[in-house]
Amino acid sequence: MSEPVSALQDASHDGIVAVREDGLQGMITLRGDLSAAAVGSAIKDVAGLAVPEGGRISGDRTGGLCWMSPDELLLLCPHEDADANVERLQQGVKDTHSLVVNVSDARALFRVSGPAAREVMAKLCPVDFSPDAFTPGMFRRTRMAQVPAALWMSDDGTFHIICFRSVAEYVFGLLKVASQPGSEVGAF
Amino acid sequence: MSKRLSTGGRLIDRSRRIGFSFNGKPLAGHPGDTLASALLANDQMMVGRSFKYHRPRGIVASGVEEPNALVNMGEGKRFEPNQRATTTELFDGLTARSQNHWPSLDFDIGGINKHLSRLLPAGFYYKMFMYPRAFWKSVYEPFIRQSAGLGQAPTERDADSYEHFYAFADVLVIGGGVAGLLAARHAADTGARVLVLEQTAHWGGRSPVDGGTVDGSPVAQFIDETVSALEQMPNVTLRRRCMGAGVYDHGYVLGYERLTDHLPYAQGPRHRLWRIRAKQIVTATGAIERPLSFAGNDIPGVMLASAMRDYAVDYAVSPGERVVVATNNDDGYRTAICLRNAGVNVLRVLDARSAGGGALMDDARALGIRVDPGRGIAKVGGGKRVQSVQICAQDGVGGALEALKCDAVAMSGGWSPVVHLWSHCGGKLLWDEAQAHFRPDPEHPPLGADGNGFVRAAGASNGALALCDTLADATEAGKAAAKAAGFRRRNTRAPVGEAVSERPLEAVWLMPQQADVGLRSKSWLDFQNDVKVSDVQLAAREGFESVEHTKRYTTLGMATDQGKLSNINGLAVLSDALGQPIPATGTTTFRPPYTPISMGAIAGEARDEVFQPIRRTPIHDWHDAHGADWEPVGQWRRPYAFRRGSESAHDAVIREVRNTREAVGLLDASTLGKLIVKGPDAGRFLDMLYTNMMSTLKPGRCRYGLMCNENGFLMDDGVVARIDEDTFLCHTTTGGAEHIHAHMEEWLQTEWWDWQVYVANVTEQHAQIGVVGPMARKLLDKIGGMDLSAEALPFMAWADGRIGGFDARVYRISFSGELSYEIAVPASQGLAFWKLLISAGAEFGIMPYGTEALHVMRAEKGFIMIGDETDGTVIPQDLGLDWAISGKKEDYIGKRAQARSHMADPDRWKLVGLETTDGSVLPDGAYAVGEGVNANGQKVTQGRVTSTYYSPTLDRGIAMGLVLHGPDRMGEEITFPCTDGKTYSARIVDPVFYDKDGEKQNV
């Protein structure tokens, strides 16, 4: 056994926003009928949260549920708890057709923070990030330049971004370019 | 001569001077100047040469429509050709050089072409360079390449950075003149989110120059007040130096923002491409003045009348000291009046209309300017600048009535609305006979997904040329756009402008009307590409009736300005030559971008390190530090081989193969796709996806499977492991994970939506490491934790456990023919596990190996590789893989296709091994020839090489190939004549070259 490491080992960069790889994050994919009673109660039991509405997140990094699609949730938890939570979820849903799998290590997590965070993200994602259109509590699957990403805001100046682990360096590079000094847009 | 006037200059800061250079000559201007105004202020009338005849060219316009004043800008890493001087803001230290001349701007050898102009008519290239055909490559093309081209291509990497920005608006207003600002104001008043783009550095468009009043106040004051009001509104975003470049489907618009072109030493990106989604778009893009077609209208010193006005008012630059104005409308008088008020000697206004103009003509006469109605210019005299004009009757053939010495000529042929953005996405045009221009047809706007229009034109771009008309038109456009975007219309009032009584224009497409051929062949339509009235007429005579064909035949409108000045005049001349009305001829197609945008802006951030995503395994950095030669596989980078010291890659591969066969090798197999397929119907689902039977696989066991597409062609392969009754793990090829995942989802979502199956792509969750070779088990036993004996974990089985403290799933599978374990551990611990194997394996002689050694070893074993043995036209039966096709199954994807006659044809080429008779290595992709020739007279082919390697194990070349009736021709020799000049001879053999019985992998 060795100490698990995240893709970029908490690399950080300061431009017009602060960019930081946010370490290891427990993530569990659950696919199933989200309205099924067994699924709902298993989730409630493990996460302590109700299934979020479409396009939203409930909770946070330490315990959260992200709506991925009409039949998919992403459960957030501490990295070390992921395997145990997979077990608990699988037991909870019992015979209800579903798929529960630990995807923590397949991903990387970034944090982008600062007053210009919305602008920096709007350079890379085809999403309306104006304060009226995208607010904390929303969860969005999109792309950053050429790779898939999913993101949410924990407060008005902070984005959390999930991408695949193999492209962590690419995403970090994108965020560095997009936050270069002098690139403020002033659009929001 | 052109010069700076002693007072005035709305946009310049006369208190400061800044230095720049043109063709190496140091010159000075003021902040606020454009490069064009600064050149004119320094009497640099001639700024380039034309494309075909290399004729002297001067500045003719003051904005984006400028065809002539294109310069090579900057130096080295910031060099850029074809920059328009009229839209380049002057900065301290700017360097510019003129284009398309040799050896110098003043003396140009290519200028001799103008004496050959009779030999270079329309379509010259098409006529001249057809025959003899062999001349094209060796004579004509080099000649054309030598003489063609305007600016030079940059030779160094671009030092600047670029970016994109995604923006969303309810109402997007393109154009920040009076119409745009007003439309924005009325749209924003409803609460709609409004974005306004203005291509220049200044709000207001040309109205501050042209004057007029709004609600009784000067128009400039109205602009200032409106901009201030908009700046205060939180729902409005204003962007200057940001051009609306193109309008596309679904309200998608590209905006091209030039951030630091005028501040070259500033931090940050140079250009930003705005990728905008707008519910509704208002194009308030103004209008462009048309030149008049008279002989010598291309001589430096002949300018658009409106441009002369702009230079005088905005930059206090006079284009000459003795000016003649030629016009067919009242607007020309504004220039005469403006110049006279600035102290310039206006010799004459030649008004092509026999009755002259309206109130403005009276104003001009009151200032003492002589006006000659019914007159035109027969010919301009001069070479590198205007020296005189010959005056004639407009309705005559060009007999000179009078010659006048002058140094500048202003021409006004009326105004054409800028309809480009309206037209990009399908908006139709109307011919407005009274104003002699095309304008947007409000009945036929570009249509959105809901069938309703999503673009409105406002102001001059809608044909509302007079200020008073623009105010009403733009107010309505803004309100209507907001309403269409879902906002409640508000009862706001349109401001009122004073009405000016103008006499209607008279269309003038040729001056004089009956100009003889000598004059017509000196009357330019397209200044940059040297297309004259006579060229378009010739094209019509030669049968070019379509305006699109005429454009390409004559190059009319094909210059970098895309015909902003020439199109309407050209198609009017064509219509006249064809004897049909102008709307019957129509316009050429308006395509984005409106003016050229930089390649850097299009690429955005995608350059250097982030040019494209490169996928890295958890062990990537270790490979990089240990001599990996990288090979791209999909977006992944995999080590091709690990070179030691000065070792060649070839030698490294040989070493890696031998070491793996004799001791133990380590392979980073993390890139292989891993898809979890789970549910009560998972077995049934996989039976449909794979050609073989997967539902009978026992938990704990693995099976190699083939996947075909609907057409029966082999598309992916890999090992499937059954995890439990309901769960399978499917390995895919490295490049296949995403598209096989998508393939599965598509079938589940569209065809078998009622099957209970879920799929998840867990490729990156695990680092997967192949421990391969006769010492593999010893190494893993040494590390300890799992019983990996042949009894506990037989070939084609898998087991979960812990090895050396790592959570591991071990697959006993082999792609090399050796004893082999593929071990998956969590990606976050992949590097640590790899390092453990390397250090623990030292005593067994462990070495990492790359993809080439993997390829060689699989070829020695006769294993196929997707992408080598398959190319999208190969079915499993071609590869002798019939054993992997279940005969028991009723169906699988591709089964029906494989039963079709061509697929079952015994003449399909089939996989065999190939052994060169002399042991050499066959070239990849080589074709084997048969007897005789085909219908094209080419040698008949009877097979091709699909994989070929030097085998270190056998010390000879080995290959696989697809050969006609191959499996029936064992031992036969076939020949491969190759592009290296040699002919190879190879014997057809079994594709399994090494350990045919599989004893080594099954120990």
Side-chain angles (χ1 to χ4, degrees), chain A residues 1-7 16 24 29 31-32 71-72 79 83 95 97-108 119 121-130 132-133 144-147 163-174 176-178 180-188, chain B residues 161 163-168 193 195 237 239 259-260 266-269 272 275 277 604-606 608-610 612-618 620 635-636 670-671 676 678-680 726-727 756 758-767 802 804-807 826-833 835-836:
Chain A
M1 181 64 190
S2 94
E3 201 56 36
V5 291
S6 64
I16 61 172
L24 289 164
T29 288
R31 292 197 66 186
D71 66 357
E72 182 175 344
H79 187 260
D83 279 332
D95 295 335
H97 169 49
S98 59
L99 169 59
V100 181
V101 60
N102 182 358
V103 293
S104 312
D105 283 7
R107 311 280 169 80
E119 287 186 359
M121 294 306 295
K123 296 175 185 183
L124 301 169
C125 306
V127 174
D128 188 350
F129 282 129
S130 60
D132 292 341
M144 283 177 79
Q146 300 172 57
V147 296
C163 68
F164 283 109
R165 183 184 177 107
S166 65
V167 293
E169 198 151 319
Y170 171 76
V171 167
F172 189 55
L174 288 177
K176 281 199 279 192
V177 174
Q180 65 171 302
S183 70
E184 294 88 347
V185 182
F188 296 132
Chain B
S161 66
E163 69 183 23
H164 291 174
F165 187 74
Y166 294 91
F168 297 77
R193 185 150 53 130
L195 172 60
T237 304
R239 304 303 291 198
L259 296 162
T260 63
Q267 278 188 318
R272 178 180 293 133
R275 305 176 69 169
R277 289 280 175 193
E605 82 296 327
D608 303 325
E609 290 79 20
V610 292
Q612 62 167 354
I614 290 181
R615 300 178 71 182
R616 295 157 207 264
T617 75
H620 184 99
Q635 284 180 317
W636 294 97
S670 307
T671 60
I676 290 183
K678 182 176 182 238
D726 273 0
T727 313
Q756 291 197 311
Y758 285 120
V759 180
N761 183 350
V762 295
T763 301
E764 297 196 22
Q765 173 68 15
H766 309 281
R802 287 172 72 81
F806 289 84
D807 286 330
S828 60
Q829 297 171 56
L831 178 60
F833 186 59
K835 285 178 173 172
L836 171 66

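Worth knowing before you read on, the calculation uses all heavy atoms, side chains too, and leaves out hydrogens, waters and symmetry mates. Since the structure is predicted, the reported quantities are computational estimates derived from the model, not experimental observations. Just so we're on the same page: letters track the sequence lines, and every chain starts at 1.
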Inset, instruction - Could you tell me whether A/Lys123 and B/Glu605 have a side-chain N and a carboxylate O separated by less than 4.0 Å? - result: no
Legend entry - Minimum heavy-atom distance between B/Pro680 and A/His97, given as atom pair plus value: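 So the two residues come closest at CD-ND1, 3.5 Å.
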Legend entry - Atom of B/Pro269, atom of A/Gly182 and distance for their closest heavy-atom approach: CD-O, 4.0 Å
Report the option among [options] that has the most heavy-atom pairs separated by less than 4.5 Å from atoms of chain B.
options	answer
A/Leu124, A/Val171, A/Thr29, A/Leu24	A/Leu124
A/Ala145, A/Ser183, A/Ser6	A/Ser183
A/Val147, A/Val167, A/Asn102	A/Asn102
A/Gln180, A/Glu72, A/Lys176	A/Gln180
A/Ala168, A/Cys125, A/Gly186, A/Ala187	A/Cys125
A/Ser98, A/Ala178, A/Ala133, A/Gly173	A/Ser98

What residue, out of [options], has the most heavy-atom pairs lying under 4.5 Å from chain A?
options	answer
B/Gly679, B/Ser828, B/Pro826, B/Ala606	B/Ser828
B/Gly604, B/Ala167, B/Gly830, B/Ser161	B/Ser161
B/Thr617, B/Thr671, B/Val759	B/Val759
B/Arg193, B/Arg616, B/Gln267	B/Arg616
B/Gly268, B/Ala266, B/Pro618, B/Ala767	B/Gly268
B/Glu609, B/His164, B/Gln635	B/His164

Inset, instruction - Rounded to the nearest 0.5 Å, what's the gap from CZ on B/Phe165 to CD on A/Glu119? Could you check? - result: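 That separation rounds to 5.5 Å.
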Inset, instruction - Return yes when atom CG of B/Asp608 has more than 12 non-hydrogen atoms of other residues, nucleotides or ligands closer than 6.0 Å, and no otherwise. - result: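 Above 12, so yes.
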Which answer fits [X], side chain, backbone, both or neither, if we ask what part of it has an atom under 4.5 Å from a heavy atom of chain B?
X	value
A/Asp132	neither
A/Phe129	neither
A/Gln146	both
A/Ile16	neither
A/Glu184	backbone
A/Ala122	both

Pairwise side-chain contact, [X] with [Y], heavy-atom cut-off 4.5 Å (strictly under):
X	Y	answer
A/Val185	B/Arg239	yes
B/Arg275	A/Pro126	no
A/Ser166	B/Trp636	yes
B/Val610	A/Tyr170	yes
B/Ile676	A/Leu99	yes

Has the side chain of [X] got a donor or acceptor atom that lies under 3.5 Å from a matching backbone atom of [Y]?
X	Y	answer
B/Arg277	A/Asp128	no
B/Gln829	A/Pro4	no
B/Gln765	A/Ser104	yes

Side chain from CB out, backbone as N, CA, C, O: work out which of these in [X] comes under 4.5 Å of a heavy atom of chain A, or both, or neither.
X	answer
B/Thr237	side chain
B/Gln756	both
B/Ala760	both

